[in-house]
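Remarks on the structure that follows.
Below, chains carry the letters A, B, ... as their sequence lines are ordered, and counting in each starts from 1.
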Amino acid sequence: MQLYNTLTREKEIFAPMDARNVRMYVCGPTVYDFAHLGNARPVVVFDTLYRLLKLHYPKVTYVRNITDVDDKIMAKAKESGEAIDTITTRTTKAYHDDMASLLALPPDIEPRATAHIPHMLALIAKLIEKGHAYAVDGHVLFNVPSMPNYGELSRRSRDELIAGARVEVAPYKKDAADFVLWKPSTADQVGWDSPYGRGRPGWHIECSAMAKEHLGETFDIHGGGLDLIFPHHENEIAQSRCAHDDAPLAKLWMHNGFLTINNDKMSKSLGNFFTVRDLLAIAPGEALRLALLSAHYRQPLDFSEEALKKAKQTLDGWYGALRNTKDIAFDANVAVPENFMAALDDDLNTPQAFAIIHDLVSQLNKTPDTKTKSALLSAANLIGFLTQDAESWMRGSSSDGLSEEQILALITARKDAKAAKNFAEADRIRKELLDAGIVLEDKANDTLWRRV
RNA sequence: GGCGCGAUGGCAGAAUGGCUAUGUAGGGGACUGCAAAUCCCCGUAUUCCGGUUCGAUUCCGGAUCGUGCCUCCA
């Protein structure tokens, strides 16, 4: 398979370091609030990659961290008066639930930052020992000029960084580009004892420490959002390589594009974000997943509720084909179609993969047979689609609106009216159901219904 | 100011040095008591200006517009 490597800015043939165990690290959430859709995109994208890798290789170790110590969490705790643990535990649970709703498989290992403080301190000590970091006033800073090839991922020189710097340079820094590995905590702030005084980790060190602990010094794939390239991933590389005798951190770096709303970047600071939770209230997770994968992962994706509705309609069509062929058997031995695999193996071309699913759906409608149905299901299931029972998908769920009993009673009443050739009454009932969001499909022997 | 990305039909969105995706919307037809679903048929596209080439939407240069990053961020 081919994957685009941010490091080389080219598609490369993927060759794992150890084909018996492919290792992948993806930057996970800082748990202080509900996940927004921008957080969900990388989860769904790398879940798709994870599923593909699992198909190609006997074992994949997928690590996605939970950042449970951070100034944003501290600020939230101060604001709400809750304990940090309470916030991180609750938010982590919500994150797990939301991502499961998006049909994302859980990672193999989900390390928490607070459980790796000793690993971070060990890494920091090594960096100081090797002359790449220095302690000053309770801070420990990584000295960027100590690494000659700093900036390879983002392709920035140190001079450019300083020239463009928007922030004031802290007086204790030896160099303007130096970044924090460890910072002091006041008595009322969360902190851990260390040789540099009581404090807490900087933003980047946790990923270096946890990746080393769970995947080793060098692993296959490191993923995350585009905005992590600089500074986060650049600094992870600096820390890890300088601590590990210049061993590369990851062979392949993958970054998903942004989610936009009306072509503006969706972000917390702009306030133009949707939480996954809010969207799950108006559409099934599978529809959200489809919407998130409907553009290639490296392209920007402009999200709207309209796009989400379209995704739901598309799935109605796919599930409709399954419901119409419910008597056709599924054969698990039928392979995923080659062109479908080829699309995904070409740097996760999900739009192309969906085009092939559309084609299979259309074939199934025309020639309903086990071979076609099985090809469709094996393809769709591979990347987390069409895993539900078609009938239950069509019936959906609705807390308000008509109950299934009411719907079935109306359908029976309409059937009686039709038998009596009272078409005006039959149409009136159908209109009543339509107004309640129920669409009927008359078949030869019975009437099917679905929620729109 | 520095670094980068993008521009494809009404909309969404792939691909490609010659054949033109897919979906959706729209038009016509089949089926249906009428619908729905499904099937068949049909329009509409590669931002602009140069260059390379037998041939460019694709490669190269420039312009315009949009957008991201430059120590909060997926």
Side-chain angles (χ1 to χ4, degrees), chain A residues 9 26-30 35-46 70-72 75 144 151 154-157 159-170 173 176-180 202-204 223-232 234-235 255-260 263-270 273 291 294-296 298-302 304 306-307 309-311 313-314 316-317 320-321 323-324 343 346 349-359 361-362 364-366 368 394 418 421-424 426-427 430-431 434 438-443 447-450 452:
Chain A
R9 314 279 154 115
V26 175
C27 290
T30 300
H36 66 81
L37 201 57
N39 302 115
R41 191 176 189 194
V43 171
V44 168
V45 164
F46 290 105
D70 176 272
D71 288 5
K72 289 192 291 289
V144 168
S154 59
R155 306 209 170 170
R156 278 168 224 268
S157 73
D159 292 344
E160 283 165 10
L161 295 179
I162 293 165
R166 292 185 302 192
V167 294
E168 227 172 291
V169 177
K173 287 189 181 180
D178 291 354
F179 58 90
V180 169
W203 175 29
H204 317 294
L226 204 59
D227 52 350
L228 294 182
I229 293 175
F230 189 88
H232 186 55
E234 198 68 77
N235 290 348
H255 295 93
N256 63 274
F258 285 124
L259 203 68
T260 59
N263 295 316
D264 276 332
K265 179 184 167 184
M266 176 191 279
S267 77
K268 290 222 161 170
S269 42
L270 290 176
F273 64 94
S294 63
H296 183 84
R298 283 191 282 118
Q299 295 302 120
L301 174 63
D302 199 50
S304 60
E306 180 66 21
K309 282 203 187 83
K310 284 274 159 55
Q313 273 176 32
T314 298
D316 284 346
R323 177 163 74 166
N324 290 339
D346 181 12
N349 192 340
T350 49
Q352 179 62 34
F354 292 139
I356 292 158
I357 290 187
H358 279 294
D359 187 48
V361 167
S362 174
L364 182 62
N365 282 325
K366 277 181 271 189
M394 296 307 240
K418 278 174 66 176
K421 304 271 185 212
N422 186 352
F423 294 121
D427 289 350
R430 189 174 60 209
K431 178 73 166 45
L434 184 63
I438 308 298
V439 174
L440 301 184
E441 288 179 35
D442 287 337
K443 297 290 171 186
T447 296
L448 302 178
W449 61 274
R450 66 188 159 94
V452 289

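Taking atom CZ of residue A:Arg450 and atom P of nucleotide B:A35, one finds them 16 Å apart after rounding to whole Å. Computed from coordinates, the A:Leu226 CG to B:C70 C1' distance equals 13 Å when rounded to whole Å. Spacing between atom CG of A:Asp227 and atom P of B:C69 amounts to 7 Å, rounded to whole angstrom units. The NZ-C1' distance, from A:Lys72 to B:U71, rounds to 12 Å in whole Å. Atom CZ in A:Arg155 sits about 17 Å away from atom C1' in B:C70, given to the nearest Å. Straight-line distance from the CG atom of A:Asp302 to the P atom of B:A74: 19 Å, rounded to whole Å. Put simply, CD on A:Glu306 is 13 Å from P on B:G13, counting in whole angstrom units. Atom-to-atom, CG of A:Asn422 to P of B:A35 comes out at 18 Å; the value is rounded to the nearest Å.
B:U47 and B:U67 are spaced 16 Å apart, taking the C1' atom of each and rounding to whole Å. Nucleotides B:U24 and B:G43, compared at atom C1', are 15 Å apart to the nearest Å. Here, B:G68 and B:G26 have their C1' atoms 35 Å apart, quoted to the whole Å. Comparing the same atom, C1', in B:C3 and in B:G9 gives a spacing of 34 Å after rounding to whole Å. B:A30 and B:G66 are spaced 45 Å apart, taking the C1' atom of each and rounding to whole Å. Comparing the P positions of B:U38 and B:A74 gives an interatomic distance of 40 Å, to the nearest angstrom. B:U52 and B:U57: their C1' atoms are spaced 16 Å apart (whole Å).
Both A:Pro300 and A:Cys27 lie near RNA chain B, and the one whose nearest nucleotide falls closer to the 5' end is A:Pro300. Of the two residues near RNA chain B, A:Arg9 and A:Ala40, the one whose nearest nucleotide lies more 5' is A:Arg9.
For A:Gln299, taking side-chain heavy atoms from C-beta onward, the closest of the listed nucleotides B:A74, B:A14, B:G13 is B:A14. Minimum atom distance to the side chain of A:Leu228 is reached by B:A74, of the listed B:G33, B:A36, B:A74. Of the candidate nucleotides B:A74, B:U38, B:A36, B:A74 has the atom nearest to the side chain of A:Thr30. Minimum atom distance to the side chain of A:His296 is reached by B:A14, of the listed B:C39, B:A74, B:A14. The nucleotide whose nearest atom lies closest to any side-chain atom of A:Asp427 is, among B:G33, B:A74, B:C70, B:G33. Of the candidates B:G68, B:U38, B:C40, B:U38 carries the atom nearest the A:Asn365 side chain, counting heavy atoms from C-beta on. When distances are taken from the side chain of A:Ala426 to each of B:A37, B:G33, B:C40, the shortest belongs to B:G33. In this structure, of B:C72, B:G13, B:A74, it is B:A74 that holds the atom nearest to the side chain of A:Met266. Here the nucleotide nearest the side chain of A:Phe179, chosen from B:G13, B:A37, B:U71, is B:U71.
Nucleic acid contact for A:Asn324: sugar-phosphate only, since backbone atoms but no base atoms lie under 4.0 Å from a heavy atom of the residue. Residue-level contact check: A:Gly224 touches the backbone only, with heavy atoms under 4.0 Å from sugar-phosphate atoms and none from bases. Note on A:Leu259: a base of the nucleic acid sits closer than 4.0 angstrom, heavy atoms only.
One N or O donor and one acceptor, one from the side chain of A:Arg430 and one from the base of B:C34, sit under 3.5 Å apart.
Looking only at side-chain heavy atoms (C-beta outward), A:Arg323 and A:Glu441 come within less than 4.5 Å of each other.
OP1 or OP2 of B:G2 has not a single side-chain nitrogen or oxygen of A:Arg156 nearer than 4.0 Å. Under 4.0 angstrom from either OP1 or OP2 of B:U71 there lies no side-chain N or O belonging to A:Asn235. For A:Lys431 and B:A35, the shortest distance from a side-chain N or O to OP1 or OP2 is not below 4.0 Å.
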Find every protein N or O atom lying less than 3.5 Å from an N or O atom of nucleotides 22-27 of chain B, and list the pairs.
none

Task: Nucleotide pairing, RNA chain B (Watson-Crick or G-U, distances under 3.5 Å), in dot-bracket with [ ] and | - done: (((((((..(((.....[...))).(((((.......)))))....(((((..]....))))))))))))....

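Taking A:His296 as the reference, nothing meets the ring-ring contact (aromatic ring centres under 6.0 Å, His included) condition, with sequence neighbours excluded. For A:Phe258, there are no ring-ring contact (aromatic ring centres under 6.0 Å, His included) partners two or more places apart in sequence or in a different chain. Every residue meeting the ring-ring contact (aromatic ring centres under 6.0 Å, His included) condition with A:His255, not counting sequence neighbours, appears here in chain and number order: A:His233. The side chain to side chain contact (heavy atoms under 4.5 Å, CB included) search around A:Asp346 returns A:Gln2, A:Lys11, not counting sequence neighbours.
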